[in-house]
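Numbered from 1 within each chain, the chains take letters A, B, ... in sequence-line order.
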Amino acid sequence: MTLHIYNTLTRKKEAFKPIDPQHVGMYVCGPTVYDFAHIGNARPVIVFDVMCRLLQTLYPKVTYVRNITDVDDKINAKAKETGEDIRTITERTAAMFHEDMAALNAKAPSIEPRATEHIAEMIEMIERLIEYGHAYAADGHVLFHVPSMPNYGELSRRKMEDMIAGARVEVASYKKDPADFVLWKPSEDDVPGWDSPWGRGRPGWHIECSAMSRKYLGDTFDIHGGGHDLVFPHHENEIAQSCCANKTDKFANYWMHNGHLMVEGEKMSKSLGNFFTVHELLEEVPGEALRFYMLSSQYRSPFDFTKDGVREAKATLDRFYTALRQHKDVVAADVAAPDAFMEALKDDLNTPLAISVMHECLSAFNKDPSAHNKGVLMACANLLGILEQDIEGWFTGAGDQGAGGVDGAAVQALIDERATAKLNKDFATADRIRDELDAMGVVLEDGAGGTSWKLK
RNA sequence: GGCGCGGUGGUAGAGUGGUUAUGCAGCGGAUUGCAAAUCCGUGAACAGCGGUUCGAAUCCGCUCCGCGCCUCCA
């Protein structure tokens, strides 16, 4: 089977046909850098990282663009609140974002453009929109005139009349039509601004993605991704801006949207206090467990994030690492992932099904720890971006992944002592040492190659 | 009000018009000085009501329940 993608544009699963089979382009909406990334932000990063890995195995070249929004009113508000310099906030937050996403085994995108470095491209695009009659300047603002685009609303499938009826925000006086949205807005002196034909100002939310995707991927490209909530208005407006400015019918051919997260059965929100940042979760659990947990459901489904679920995901990864640890001397053969696994991923990224195939591979490897079976397992793992940690570190907390707090040398000394006791058939002493270690949170496993240990 | 999504065994979570998902938990067994890990076996489901069909949990309709978006939230 060829790769199939559920396309939000058509609401159907479609066979993926790249514009250029030699080079696939994908754009994903990235973070606005004003605060720590929360687990909800992590989902698209993980999902599209897997997508990118899959595309890379199917096509010779993939360009994956994920932007950083570093000009935004939420950033301005944060600066006002804390008294910090805006640049300080965005630089620090972007650095933290990179650190957190790396901990989730998410590879860096091919290109990570920043909005503030593409103001000229945005202004140029806005000028074209005005020139072509799709935008107008009014009261220091530049607005996209929605009625100028006949098929506006195609992605989100909503009619303009419905939107106006349901609008909950009062319409600014300078708008010709209530649905018109901002391309450029004036900046007061205490807010970042750039010189433009319409005075000192800053871009609206949507224009950066239109300008930057065009610069790096062209007028029309293959895949555009993001969170489900971005379908409207963000992506709808991107389409409007890009198609009208570039005079094209199509912006992105395939639109992929990941479902939202809930926490312990409730909508994640700051007021409920159920807002986990990736940063704080990483203090409790390895990033790889968070990643694996997210991949345990299909990306379009809503995902109920629970602490129990995280623990279970960690325990499942323990099984995989246990097998790798027991057969660490086996050199993995260089083989491809099995068909069933690939078919699952190629079916709109069915990661839960793919993981079930991995369990079968694990079982096969446990029964027959051959180089081939290990290779098969690792080929699957590489596509999902798991089993990338140091094995001993995973079990003993020796790496920087999660809590350790146990002195490895001391543990080894006790294990040696116990080995001597066992040799002398002094099982009372051996069991006492086991209990002692158990109290320290250390579990022993006697294997053919000696005794190994892990944290509970 | 408009648009859209979903309700699967104890639990998480796939899938299919007729045939075992898978993991965890449970139960039985093998193995082990005892454990752990592993292996083998095993019970258990498709929200409700109609309809289409030789046959539906899978298609259609209705009902109930839950959820998302509707101008700057991934």
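- Stacking is found between A/H260 and the pyrimidine-like six-membered ring of the B/A74 base under the 5.5 Å centre-distance and 30° plane-angle cut-offs.
- Judged by distance alone, with hydrogens and angles left aside, A/D229 brings no side-chain donor or acceptor close enough to the base of B/C70 to form a pair under 3.5 Å.
- Nucleotides B/G13 and B/A47 have their P atoms positioned 15 Å apart, rounded to a whole Å.
- In this structure, B/A25 forms no base pair with any nucleotide, since neither Watson-Crick nor G-U wobble geometry is met with both distances under 3.5 Å.
- Distance noted for atom C1' between B/G33 and B/C46: 47 Å (whole Å).
- Comparing B/C73 with B/A14, their C1' atoms are spaced 30 Å from each other, to the whole Å.
- Residues A/E208 and A/Y27 approach most closely at O-OH, 4.5 Å, considering heavy atoms.
- Ranking B/A74, B/G68, B/U22 by closeness to the A/E360 side chain, first place goes to B/U22.
- Using a 4.0 Å heavy-atom distance criterion, A/R432 is classed as making no nucleic acid contact.
- Summarising the base pairing, B/C49 is matched to B/G61 through a Watson-Crick or G-U wobble pair whose two defining distances lie under 3.5 Å.
- One finds a salt bridge joining A/R418 and A/D446 here, because a Lys/Arg side-chain nitrogen approaches an Asp/Glu carboxylate oxygen to under 4.0 Å.
- Pairing for B/U38 is with B/A30, a Watson-Crick or G-U wobble pair whose two hydrogen-bonding atom distances lie under 3.5 Å.
- No more than 12 heavy atoms of other residues, nucleotides or ligands sit less than 6.0 Å from atom NZ of A/K425.
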Just the atom pairs and distances: protein N or O near nucleotides 39-46 of chain B's N or O, under 3.5 Å.
unit_1	atom_1	unit_2	atom_2	d
B/C39	OP1	A/S363	OG	3.3
B/C39	OP1	A/N366	ND2	3.4
B/C40	OP1	A/K367	NZ	2.6

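- Interface remark: the A/E312 side chain does form a donor-acceptor pair with the B/G23 base, using a distance-only criterion of under 3.5 Å.
- Here the separation of B/C72 from B/U11, taken at their C1' atoms, is 39 Å to the nearest Å.
- With A/T116 as the fixed residue, the side-chain hydrogen bond (donor to acceptor under 3.5 Å, both in side chains) test singles out one of A/T90, A/D70, A/T69: A/D70.
- With A/K307 as reference, A/E284 is the one residue of A/E280, A/E284, A/E264 to meet the salt bridge (Lys or Arg N to Asp or Glu O under 4.0 Å) rule.
- No donor-acceptor distance shorter than 3.5 angstrom exists from the side chain of A/D72 to the backbone of A/T32, with no hydrogens or angles considered.
- Taking a pair to require two hydrogen-bonding distances under 3.5 Å in either a Watson-Crick or a G-U wobble arrangement, B/G17 remains unpaired.
- The main-chain N or O of A/I130 is never found under 3.5 Å from a side-chain atom of A/H134 such that the two would form a donor-acceptor pair.
- Within the cation-pi definition used here (under 6.0 Å to the ring centroid, within 45° of the axis), A/R300 qualifies as a partner of A/Y6.
- Shown here, B/G68 forms a base pair with B/C3; the pair counts as Watson-Crick or G-U wobble because both key distances fall under 3.5 Å.
- Dashed line: the shortest gap from a side-chain N or O of A/N237 to OP1 or OP2 of B/C72 is not under 4.0 Å.
- Taking the C1' atom of each, B/U53 and B/G7 are spaced 25 Å apart, rounded to whole Å.
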Give each protein N/O atom lying under 3.5 Å from an N/O atom of nucleotides 30-32 of chain B, with the pair distance.
none

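- Under 3.5 Å, the side chain of A/D431 and the base of B/G33 form at least one donor-acceptor pair of N or O atoms.
- The side chain of A/S301 places an N or O atom within less than 4.0 Å of a non-bridging phosphate oxygen (OP1 or OP2) of B/A14.
- Judged by distance alone, with hydrogens and angles left aside, A/R434 brings a side-chain donor or acceptor within reach of the base of B/C34, the pair sitting under 3.5 Å.
- More than 12 heavy-atom neighbours from other residues, nucleotides or ligands sit within 6.0 angstrom of CG on A/D416.
- Taking all atoms of both residues into account, the shortest heavy-atom contact from A/H228 to A/G259 is CB-CA, 4.4 Å.
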